**Student:** 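Dumping the structure here so I can ask a few things about it.
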2 protein chains.
Amino acid sequence: MRSNSKTNSWEASRPVKLVDIAKLANVSIATVSRSLAGSDRVSNDTRDRVIFAAEKLGYRANRHAVSLRKQRSRVILVMIPDFANHNFAQLLIHMDRAAHRAGYEVMIAHTGDDTLQADSLADELFAGGIAGIILTSSYCPPRVRSLLLSGKQLPVVRTLSPTGRDERITSVQIDEIAAADEIVTHLVEQGHRRIAHLAGEKTQLVAMQREEGWRRSIDRAGLKDAGVIYRGFRVEDGRAAARELVEGEDLPDAVFIASDSAAFGFVSELRLLGVSVPDQIAVAGFDDVSFSELFTPPLTTVHLPRQAMAERAVDTLVAIIEGGEPEGYSFIPHRLVVRESSFRHG
Amino acid sequence: MRSNSKTNSWEASRPVKLVDIAKLANVSIATVSRSLAGSDRVSNDTRDRVIFAAEKLGYRANRHAVSLRKQRSRVILVMIPDFANHNFAQLLIHMDRAAHRAGYEVMIAHTGDDTLQADSLADELFAGGIAGIILTSSYCPPRVRSLLLSGKQLPVVRTLSPTGRDERITSVQIDEIAAADEIVTHLVEQGHRRIAHLAGEKTQLVAMQREEGWRRSIDRAGLKDAGVIYRGFRVEDGRAAARELVEGEDLPDAVFIASDSAAFGFVSELRLLGVSVPDQIAVAGFDDVSFSELFTPPLTTVHLPRQAMAERAVDTLVAIIEGGEPEGYSFIPHRLVVRESSFRHG
DNA sequence: TTGTAAGCGTTATCAT
DNA sequence: ATGATAACGCTTACAA
């Protein structure tokens with residue numbers, strides 16, 4: 001048990017409660033509550049007096065009392081695998097804003113290494129502690145997953161990361177396959193012929209979809225499979241892939257890399273190995289994080305519409321929470337960003 | 001008012017409550033509560049039966065009921081000016097972890113453009129909604145500030161950003177002046193003579209302290225003031241400064257830039273203008289965000305010990321919340337990171 | 001060792 | 001239009 005001394009060093013002045021306002025305004029607490037809630041069953045005069053008193057005392061409702069009584073929380077849990085990744089950080093800004101607009105607060109659960117804490121937070125969905133959950137990776141807390149699979153509708157929405165049809169999670173995403181297809185087609189149009197792919201891990205749906213897009217594009221162009229390296233989305237994965245590629249027979253003309261972070265590592269390691277981008281190998285990434293345009297060379301990539309996804313995800317979730325019908329899937333348009341890293345060499 | 005239909009599309013199965021466990025285990029609610037709390041005033045047999053029942057039903061305590069009854073929340077509010085900035089994103093990861101370790105949850109308030117929402121959240125400190133506040137910028141919510149200034153002790157800690165002595169906020173920070181001094185001294189030792197400074201805004205304490213460090217270093221070395229440009233900490237500020245500098249008389253040997261982000265913009269814009277770093281101008285930044293080493297050229301900078309600061313800030317706050325004595329200031333050691341951007345040209 | 005009951009601050013139902 | 005009062009789910013004296 002945690003120490004629970006009664007002598008807090010910060011003398012906690014007693015919070016202002018309804019009863020304090022009631023006394024000051026000379027009405028009952030019921031009337032105070034109604035006035036503050038903007039009910040029309042109060043005389044204008046009384047309401048004004050109450051509101052004045054409330055402001056004078058600096059009243060702030062106790063969220064726990066309200067949530068307990070109303071049996072409904074105004075907290076949305078956002079499950080994030082990695083804060084440090086720009087994708088998630090930016091998503092968070094926009095979710096926070098959208099949530100506030102709708103009258104909700106955002107709480108974060110980090111699903112990084114250890115999901116226990118996060119799962120426990122998510123379970124509060126069933127205890128009324130939180131109103132809904134936004135998933136941003138392929139991860140889904142076990143209890144939520146099993147209920148979802150049993151056909152139950154829950155206030156749970158996934159965004160950023162794609163959702164398999166059989167997962168039954170309301171989803172806000174881009175068309176990953178089409179996006180990958182488009183950017184690889186851009187490489188083809190630049191004149192590149194041997195286009196390899198640095199993919200994510202084979203177990204990840206998002207990686208599989210981006211690979212599928214790459215494959216469709218080279219098939220359509222009648223190009224030969226120049227090889228796939230399965231690694232991951234992090235900087236280090238890109239570095240490792242670069243070393244592997246340089247050790248191999250002959251270099252491809254271009255590489256489509258499934259994430260910008262990996263692309264940074266890839267290009268950076270190639271430079272160390274004396275291979276220059278795009279002169280010797282052209283590169284295209286995926287995500288368009290803020291550093292992509294500052295990178296040398298500036299990275300050609302797919303821009304993830306993070307703001308639109310975040311807002312749509314929140315709005316969808318709020319709609320479900322407040323009794324609407326979940327829509328299943330909704331797709332957000334993506335955008336190609338062509339920069340120097342993909343330019344034809346020579 | 002928000003629509004509040006009673007027919008939620010997700011049939012909310014009634015949450016499991018203590019009374020459900022009580023029935024299943026054939027004991028009173030009080031005994032259930034005691035068992036789950038690990039009280040020693042319960043027989044082992046009963047406790048086991050209760051815990052078994054609780055797990056079987058998938059019980060999760062209602063946080064609002066607990067907080068209301070215990071008159072103490074387990075939520076820490078972290079006020080962040082900008083999620084997208086790596087500094088804050090990383091800080092958040094570590095705070096989240098440290099908070100969970102101590103049994104708290106983290107809630108985020110974005111103090112970006114509009115502080116109203118954030119202030120309102122912060123005010124919950126006085127209504128019992130949150131247990132304490134961590135500030136990460138110079139911003140401090142008005143009500144908190146005025147109470148602090150009146151000499152009151154509050155569970156409020158600032159980190160990352162320095163605190164003025166007169167602010168009376170418990171603070172976890174690095175020695176900004178010393179750090180700036182050291183990195184400028186490194187530039188001096190590289191042989192640079194005309195060392196300019198790209199500072200933040202004049203109104204910001206952190207900018208003033210870094211400028212002070214720069215000034216001390218060049219004074220000690222007996223160098224002339226090669227000029228200060230006051231802009232800001234963002235990429236765009238760095239770009240603008242680069243243009244201003246190139247338009248001026250003659251270029252300095254080196255520039256100490258008060259933030260890595262601004263340094264990215266500065267170097268990037270210089271490249272566009274045909275000035276190369278570090279060949280024509282050496283550059284040193286401040287922060288050591290994750291891109292700093294991927295940047296071209298890799299950036300010499302001061303590493304902010306984000307993890308240590310985050311953990312110390314949380315621990316300090318928790319100590320105050322739980323009745324300890326606030327320590328005032330505590331300093332975390334920083335570290336110089338020397339990379340190519342500061343190398344002597346020629 | 002266990003049960004009974006009061007109460008945390010708020011909202012909502014029922015009177016008046 | 002307003003006031004009394006019963007919940008909301010939980011913890012914790014106090015009783016047994």
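Letters go in sequence order (proteins before strands), and every chain restarts at 1. Just so it is clear, the structure is predicted and the values come from calculations on it, not from any experiment. Atoms considered below: every heavy atom in the structure, side chains included; atoms not considered: hydrogens, waters and symmetry mates.
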**Student:** Which residue pairs satisfy the ring pair (Phe, Tyr, Trp, His ring centres under 6.0 Å) criterion with at least one member in residues 108-129 of chain A, sequence neighbours excluded?
**Tutor:** F83(A)-H110(A)
**Student:** Just report the end-to-end axis angle for the helix from dT1(C)-dA16(D) to dT16(C)-dA1(D), five pairs per end, to 10 degrees.
**Tutor:** 40°
**Student:** For residues 30-42 of chain B, pull every pair meeting side-chain hydrogen bond (donor to acceptor under 3.5 Å, both in side chains), keeping only residues two or more places apart or in separate chains.
**Tutor:** S28(B)-T31(B)
**Student:** Let me check something: any side-chain donor-acceptor pairs from residues 57-66 of chain A under 3.5 Å, sequence neighbours excluded? List them with distances.
**Tutor:**
from: R60(A); atom 1: NH1; to: S120(B); atom 2: O; distance (Å): 2.6
from: R60(A); atom 1: NH2; to: S120(B); atom 2: OG; distance (Å): 3.1
from: N62(A); atom 1: OD1; to: H64(A); atom 2: N; distance (Å): 2.7
from: N62(A); atom 1: OD1; to: A65(A); atom 2: N; distance (Å): 3.0
from: N62(A); atom 1: ND2; to: A127(B); atom 2: O; distance (Å): 3.2
from: R63(A); atom 1: NE; to: E124(B); atom 2: OE1; distance (Å): 2.7
from: R63(A); atom 1: NE; to: E124(B); atom 2: OE2; distance (Å): 3.3
from: R63(A); atom 1: NH2; to: E105(A); atom 2: OE1; distance (Å): 3.1
from: R63(A); atom 1: NH2; to: E124(B); atom 2: OE1; distance (Å): 3.4
from: R63(A); atom 1: NH2; to: E124(B); atom 2: OE2; distance (Å): 2.6
from: H64(A); atom 1: ND1; to: H64(B); atom 2: ND1; distance (Å): 3.4
from: H64(A); atom 1: NE2; to: G129(B); atom 2: O; distance (Å): 3.4

**Student:** Restricting to salt bridge (charged side-chain N to carboxylate O under 4.0 Å, His left out), what partner residues turn up for R312(B), sequence neighbours left out?
**Tutor:** none
**Student:** Using a cut-off of 4.0 Å between protein heavy atoms and nucleotide atoms, how would you tag nucleotides 3-9 of chain C 5' to 3' with B, S and -?
**Tutor:** BB-BBBB
**Student:** For D315(A), which residues count as a salt bridge (charged side-chain N to carboxylate O under 4.0 Å, His left out) partner, sequence neighbours excluded?
**Tutor:** none
**Student:** Who are the salt bridge (charged side-chain N to carboxylate O under 4.0 Å, His left out) partners of D166(B), not counting sequence neighbours?
**Tutor:** none
**Student:** Rounded to the nearest Å, what distance is computed from the CD1 atom of residue I21(B) to the C1' atom of nucleotide dG9(D)?
**Tutor:** 12 Å
**Student:** Anything under 3.5 Å between a donor and an acceptor, one on a side chain of residues 131-138 of chain B, the other on a protein residue two or more places apart or in another chain? List them.
**Tutor:**
from: T136(B); atom 1: OG1; to: M79(B); atom 2: O; distance (Å): 2.7
from: S137(B); atom 1: OG; to: Y139(B); atom 2: N; distance (Å): 3.1

**Student:** Does Y329(A) have R165(A) sitting over its ring (NZ/CZ under 6.0 Å from centre, angle to axis within 45°)?
**Tutor:** yes
**Student:** Can you list every side-chain hydrogen bond (donor to acceptor under 3.5 Å, both in side chains) pair that touches residues 15-24 of chain B, not counting sequence neighbours?
**Tutor:** R14(B)-D20(B)
**Student:** What is the distance, to the nearest angstrom, from the CD atom on E124(A) to the P atom on dC10(D)?
**Tutor:** 11 Å
**Student:** Identify, residue by residue, the members of residues 40-57 of chain A with a heavy atom below 4.0 Å from DNA chain C, and return them in order of residue number, or none.
**Tutor:** none
**Student:** Go through the structure and list residues passing side chain to side chain contact (heavy atoms under 4.5 Å, CB included) with E167(A), not counting sequence neighbours.
**Tutor:** R145(A), R158(A), T163(A), I169(A)
